2 protein chains.
Amino acid sequence: MRTFVAAAEAGRFQDAAAELSVTQQAVSKRIAALEKALGVRLFTRTARGARLTVDGQAFLPHARDLLRSAARAVGSVRPGRRALRVDVIGRRLAPAGLLGDFRKAHPEVELDVVTLFDADAAVDAIRSGTIDASFRAVTMPGRQLPDDIRAVRAFDEPLQLLTGPGHPLAAARAVTPAQLAGQRIWMPGIVAGTEWAAYYDDLAAAFGLTIEVTGPDFGTEPLLDTLAGSGSLATFVGEQTRLVWPADHGLRRIAVRDPAPVYPHSLLWHRGNPHPALAVLRDHLRSGRHAVSAAGSWTPAWA
Amino acid sequence: MRTFVAAAEAGRFQDAAAELSVTQQAVSKRIAALEKALGVRLFTRTARGARLTVDGQAFLPHARDLLRSAARAVGSVRPGRRALRVDVIGRRLAPAGLLGDFRKAHPEVELDVVTLFDADAAVDAIRSGTIDASFRAVTMPGRQLPDDIRAVRAFDEPLQLLTGPGHPLAAARAVTPAQLAGQRIWMPGIVAGTEWAAYYDDLAAAFGLTIEVTGPDFGTEPLLDTLAGSGSLATFVGEQTRLVWPADHGLRRIAVRDPAPVYPHSLLWHRGNPHPALAVLRDHLRSGRHAVSAAGSWTPAWA
DNA sequence: TGCCCGCACAACCGCCGGTTGTGGCCCGGC
DNA sequence: GCCGGGCCACAACCGGCGGTTGTGCGGGCA
């Protein structure tokens, strides 16, 4: 591909060969091999060089795109000056959406999103320089952040109740946490010891809820299927969580108010991290309308 | 890259090897070679398979992107079911911008834009199936379209006058063609015998203009430089033409009215072309607000 | 603790992709 | 019209890349 682009730009195989530090014959063989693989002729050979055919013209922007893609791929892991790397809890949760907004607002910033196992791994990765920042709960009960880690409360995300159409609360426009006492709240896939488990433990204790965090995580589709078919099960989802409906199950998202439980997303980073894009991200968080803890909301005491 | 993605998805080199119909050792060597080339470790090898490192997680979406890019590249020249291929006169002129809008409105359509030498080549390419459609002047004086070519007037693009700050008309908000009689209009790079030359010939004859189409085309930058430094030269540009200012030269774009010369862009295609995206493009042209010949505009008699 | 699964290393080898050498074609100049 | 030069294709050659088979090793799990 690189040879093709070089030849297209130079207009002559010989110049492309010089550019790539190979012989003209090597360029000729490379182009011939590419043409054979594609089944079309990319250049018309003349006595004064090689000009693109129509197929070649159509192919050229795709070839450039592929080279750009390859450069971005290398740039994402290049030691030293790699792209900004941010850890999020889940790809479909609010932090991931926020990073999507950030990407749109700053398309020039190379950004990679990863998901680490837990908050401890995230802190370790931040300290070792493996990642640049992490969206996690700022503090866990009984845990203390190391001195070299900085954190800001980035934004709070209200929780909503997700139920099937047969649930007793399905028709409600909003519910209070007190109304949920006694209801079965099912949160499979929550690993004990993580900040999510701590959050839901506190939430359950504060309002007398029954939250089942047991059970393996089979993915969202089976969860949604089960919810849709159950008349008694419900689960919590973040307000900004984007679900992919496998089909229309008649699922209902119901606001929770008085007080509204909100999940406190925070941004963690290393004190001495010099990555220029990190400052851009922090500015974006500050300048955006990422409201923090409106009145009438609930967060755990440790947040 | 394909091996990396397969291994990341499978979680085990052996399964990826089966998927790719090679041995496990080959996959191991490929991954090792990629890691060596990148200078980072992409997988952590365990007794139960291979899991992505943080670097590997960051790399994975870029690898997928590269594979998609490669598939698009192949798709652009795949004989039979290739992407929709449309010829435009110039990459910075209105038809190219229109196709950009079309791309945004229909991101699912694979679209390639090419530029053929002249209208005859475009018609030949349409008849031979090399391209699917062409934005060209629908008819040339004295020429007749073949029976198997369909054409619709797609949209008319008003011309503007482009001058430097020292030009006598630089301060005008609008001019009439009659005012331009005697002024030097410079249109380098227009090849005699093309529809552009015919258009400007007719325009010059209709209003007594002096249009110099001679001279080779050195690109837009030298043209803009010359215009900016000249107190007497001017040129025509399409209203929707996007110029790249090399620097702020104080260039002025001045509307032309009473009547407004408009360039009649048309879409040409082959009667029997079954490409599904071609119908989408034609629908897009019909449904959009691509006004044709408003009152008070001028076009050549042959349009 | 022993088995077994899964990846790495070693040795081997075919062929891919580079080189040098040469031929042919097209265009421009004399 | 012939000659010359520039540019690409073809041929022959060869080293090493990338595949194979065979084997070693380490870490879970019974």
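Fair warning: this is a prediction, and the values are worked out from it, not measured in the lab. Here is how names work: the chains are called A, B, and so on, in the same order as the sequence lines, proteins then strands, and each is numbered from 1. All heavy atoms count here, side chains included; hydrogens, waters and symmetry mates do not.
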Practice problem: Identify, residue by residue, the members of residues 26-43 of chain B with a heavy atom below 4.0 Å from DNA chain C, and return them in order of residue number, or none. | Solution: B:Ser28

Practice problem: Taking all non-hydrogen atoms of both residues into account, name the closest pair between A:Ala151 and A:Leu145 and its distance. | Solution: CB-CD1, 4.0 Å

Self-check item: Set of side chain to side chain donor-acceptor pair (under 3.5 Å) partners for B:Asp124, sequence neighbours left out
Solution: none

Could you pull out all donor-acceptor pairs under 3.5 Å where a side-chain atom in residues 1-8 of chain A meets a protein atom, sequence neighbours excluded?
from   : atom 1 : to      : atom 2 : distance (Å)
A:Thr3 : OG1    : A:Arg30 : NH1    : 2.7

Quiz item: What's the verdict on side-chain contact (heavy atoms from CB on, under 4.5 Å) for A:Phe135 and A:Ile89, showing C-alpha distance, side-chain angles and the deciding distance?
Solution: CA-CA 7 Å; A:Phe135 278 102; A:Ile89 298 187; 5.7 Å; no

Practice problem: Can you see which heavy atom on A:Ile126 is nearest to which on A:Trp269, and at what distance? | Solution: CG2-C, 3.7 Å

Quiz item: What residues form a side chain to side chain contact (heavy atoms under 4.5 Å, CB included) with B:Arg45, not counting sequence neighbours?
Solution: B:Phe13, B:Ile31, B:Glu35, B:Arg41, B:Phe43

Quiz prompt | A:Ala121: side chain to side chain contact (heavy atoms under 4.5 Å, CB included) partners, not counting sequence neighbours | solution = A:Leu116, A:Asp118

Practice problem: Mind checking side chain to side chain donor-acceptor pair (under 3.5 Å) for B:Arg72 and listing every partner two or more places apart, or none if nothing turns up? | Solution: A:Asp65

Quiz prompt | Positional range of nucleotides in DNA chain C within the contact set of chain A, heavy-atom, under 4.0 Å | solution = C:dG17 to C:dG28

Quiz item: What pairs of residues pass the side-chain hydrogen bond (donor to acceptor under 3.5 Å, both in side chains) test when at least one of them lies in residues 18-27 of chain A, not counting sequence neighbours?
Solution: none

Exercise. Indicate yes or no for a side-chain donor-acceptor contact from B:Thr44 to the backbone of B:Thr53 under 3.5 Å, with no hydrogens or angles considered.
Key: no

Identify all side-chain donor-acceptor contacts of residues 77-85 of chain B below 3.5 Å with residues at least two apart in sequence or on another chain.
from    : atom 1 : to       : atom 2 : distance (Å)
B:Arg82 : NH1    : B:Asp132 : OD2    : 2.8
B:Arg82 : NH2    : B:Gly129 : O      : 2.7
B:Arg82 : NH2    : B:Thr130 : O      : 3.1
B:Arg85 : NH1    : A:Asp55  : OD1    : 2.8
B:Arg85 : NH1    : B:Thr130 : O      : 3.1
B:Arg85 : NH2    : A:Asp55  : OD1    : 2.7
B:Arg85 : NH2    : B:Ser76  : O      : 2.8

Self-check item: Within residues 13-25 of chain A, residues whose heavy atoms come under 4.0 Å of DNA chain C
Solution: A:Val22, A:Thr23, A:Gln25

Practice problem: Return the set of residues passing salt bridge (charged side-chain N to carboxylate O under 4.0 Å, His left out) with B:Arg103 (not counting sequence neighbours), or none when no residue passes. | Solution: none

Quiz prompt | Bend angle of the helix from C:dT1-D:dA30 to C:dC30-D:dG1, end axes from five pairs each (to 10°) | solution = 30°

